[in-house]
Amino acid sequence: MIEISKNLLRQVGRTNAKYSMFEDGDKILLGLSGGKDSLALAHIMKHFCSVSPVKWEFKAVTLSYGMGEDFSYLINHCKEHGIEHEIIDSSIFEISKDKIRKNSSFCSFFSRMRRGHLYTYALNGGYNKLAIAHHLDDAAESFFMNFTYNGALRTLAPKYTAKNGLVLIRPLIEVRERQLRDNAIRNSLQVIGDEACPAMRFDVKMPHARYETKQLLSNLEKENPKFFTSLKTAFTNIHKETFFE
């Protein structure tokens with residue numbers, strides 16, 4: 001039996017109320033990588049789906065890169081806990097052999113390919129929303145990486161509509177990563193980690209920007225324990241007139 005903390009459920013409940021994540025008639029596709037974040041979201045969505053006063057449904061899908069990944073634990077786990085789940089096969093790994101050059105970066109390539117497959121599956125299956133398990137730490141890292149390396153002030157929106165009409169939602173966007181880590185440990189979840197990353201099979205440059213950003217944010221939080229609370233507030237308190245235009 002998976003036990004989700006009341007605090008975690010309360011946070012997602014507030015996010016749902018604020019951004020209307022789960023609405024009447026929704027057919028939601030959940031990208032389930034099998035990591036601690038998406039696995040937690042699968043169980044949280046199952047909880048809210050069962051207690052919601054409105055009717056909506058969701059299905060979890062796991063994208064296979066075509067590397068012979070073993071998803072047996074994930075398949076059995078979803079079956080045991082009544083979570084509708086399917087593996088989507090792809091040839092991303094084979095395609096990437098011709099696309100990725102030695103010593104090149106790979107994260108954006110795999111991210112685009114993965115998102116493209118999920119979008120296509122969702123649209124073909126009649127889903128109107130795609131749920132992604134990004135959390136507050138992801139949003140903070142995205143924000144700092146964008147203005148440090150890309151010269152842009154942008155982060156991860158809780159909810160937005162893609163050009164193809166699909167609505168992307170992030171129900172965990174106000175949750176801290178450590179809460180999801182604690183959830184995995186407390187429930188003895190066997191999560192999929194970096195070993196499933198296709199880049200581990202290539203001689204490519206490992207990303208350093210995200211690691212360095214994580215370290216920066218960790219240090220800032222040590223100096224100011226309320227740093228993430230302030231940052232979350234700042235994401236909704238934007239004064240555009242004070243920027244250069």
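Predicted model, so just to flag it, every value in this text is computed and none were measured.
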Participant: Just checking, is any N or O donor in the side chain of Thr155 or Ser142 under 3.5 Å from an acceptor N or O on the other one?
Facilitator: no

Participant: Hey, mind stepping through Ile2 and Leu189 against side-chain contact (heavy atoms from CB on, under 4.5 Å) and telling me if it holds?
Facilitator: CA-CA 9 Å; Ile2 299 298; Leu189 298 178; 3.5 Å; yes

Participant: Do the non-hydrogen side-chain atoms of Thr148 and Thr213 ever get within less than 4.5 Å of each other?
Facilitator: no

Participant: Give me the one residue out of His85, Lys46, Met45 that meets side-chain contact (heavy atoms from CB on, under 4.5 Å) with Leu30.
Facilitator: Met45

Participant: Go through the steps for Leu172 and His134 under the test side-chain contact (heavy atoms from CB on, under 4.5 Å), then give the verdict.
Facilitator: CA-CA 6 Å; Leu172 300 180; His134 288 139; over 6 Å; no

Participant: Could you tell me whether the side chain of Leu217 reaches within less than 4.5 Å of the side chain of Asp137, counting heavy atoms only?
Facilitator: no

Participant: Are Tyr121 and Val61 close enough that some pair of their side-chain heavy atoms sits under 4.5 Å apart?
Facilitator: yes

Participant: Using 4.0 Å as the upper bound for N to carboxylate O, is an ion pair formed by Glu177 and Lys214?
Facilitator: yes

Participant: Taking the side chain as every heavy atom from C-beta outward, state whether Met21 and Thr15 have any pair of such atoms under 4.5 Å apart.
Facilitator: yes

Participant: For Asn183 and Ala40, which heavy atoms make the closest approach, and how far apart are they?
Facilitator: ND2-CB, 3.6 Å

Participant: Begin with the C-alpha distance, continue with both residues' side-chain angles, and end with the deciding distance and a verdict on side-chain contact (heavy atoms from CB on, under 4.5 Å) for Leu118 and Leu130.
Facilitator: CA-CA 8 Å; Leu118 290 176; Leu130 172 64; 4.2 Å; yes

Participant: Answer yes or no on whether Arg176 is positioned over the face of Phe228, meaning its NZ or CZ is under 6.0 Å from the six-membered ring centre and within 45° of the axis.
Facilitator: yes

Participant: Are Phe58 and Phe22 close enough, and set up right, to give a ring pair (Phe, Tyr, Trp, His ring centres under 6.0 Å), and what steps lead you there?
Facilitator: CA-CA 10 Å; Phe58 81 96; Phe22 314 130; 8.4 Å; no

Participant: Whether the Ser64 and Glu69 side chains hold a donor-acceptor pair (N or O, under 3.5 Å, no angle test) is what I'd like checked.
Facilitator: yes

Participant: Determine whether His77 and His81 satisfy the following criterion, ring pair (Phe, Tyr, Trp, His ring centres under 6.0 Å), listing intermediate values before the conclusion.
Facilitator: CA-CA 6 Å; His77 181 86; His81 294 281; 4.4 Å; yes

Participant: Please report the C-alpha distance between Asn7 and Gln11 in whole Å, then the side-chain angles of each, then the deciding distance to 0.1 Å, and finally whether the side-chain contact (heavy atoms from CB on, under 4.5 Å) criterion is met.
Facilitator: CA-CA 6 Å; Asn7 186 41; Gln11 283 179 287; 3.8 Å; yes

Participant: Between Tyr65 and Arg114, do the side chains contain a donor N or O and an acceptor N or O under 3.5 Å apart?
Facilitator: yes

Participant: Are the charged groups of Glu3 and Arg186 less than 4.0 angstrom apart, N to O?
Facilitator: no

Participant: Look at Lys129 together with Glu57 and state whether they make a salt bridge at an N to O cut-off of under 4.0 Å.
Facilitator: no

Participant: Report the residues that fulfil side-chain hydrogen bond (donor to acceptor under 3.5 Å, both in side chains) with Thr120, sequence neighbours left out, ordered by chain and then residue number.
Facilitator: none

Participant: Can you give me the closest heavy-atom contact between Tyr149 and Ala209, atom names plus distance?
Facilitator: CE1-CB, 3.7 Å

Participant: Taking side-chain hydrogen bond (donor to acceptor under 3.5 Å, both in side chains) as the definition, give me every residue that meets it alongside Ser52, ordered by chain and number, with sequence neighbours left out.
Facilitator: Trp56

Participant: Please check if Ile173 and Leu32 belong to a single hydrophobic cluster, counting links between Ile, Leu, Val, Met, Phe, Trp and Tyr side chain heavy atoms closer than 4.5 Å.
Facilitator: no

Participant: Would you call Lys79 and Glu84 a salt bridge, using N to O less than 4.0 angstrom?
Facilitator: no

Participant: Do Lys36 and Val191 come close enough that some side-chain heavy atom pair is under 4.5 Å?
Facilitator: yes

Participant: Within a strict 4.5 Å, meaning less than it, do heavy atoms of the Phe144 and Arg210 side chains meet?
Facilitator: no

Participant: Salt bridge or not for Glu86 and Lys59, using N-O below 4.0 Å?
Facilitator: yes

Participant: Would you verify whether the NZ or CZ of Lys27 falls within 45 degrees of the ring axis of Tyr127 while also being under 6.0 Å from that six-membered ring's centre?
Facilitator: yes

Participant: Does any part of the side chain of Tyr119, heavy atoms only, come nearer than 4.5 Å to the side chain of Leu168, both counted from C-beta?
Facilitator: yes

Participant: Would you say Lys240 and Ile238 make side-chain contact, with heavy atoms under 4.5 Å?
Facilitator: yes

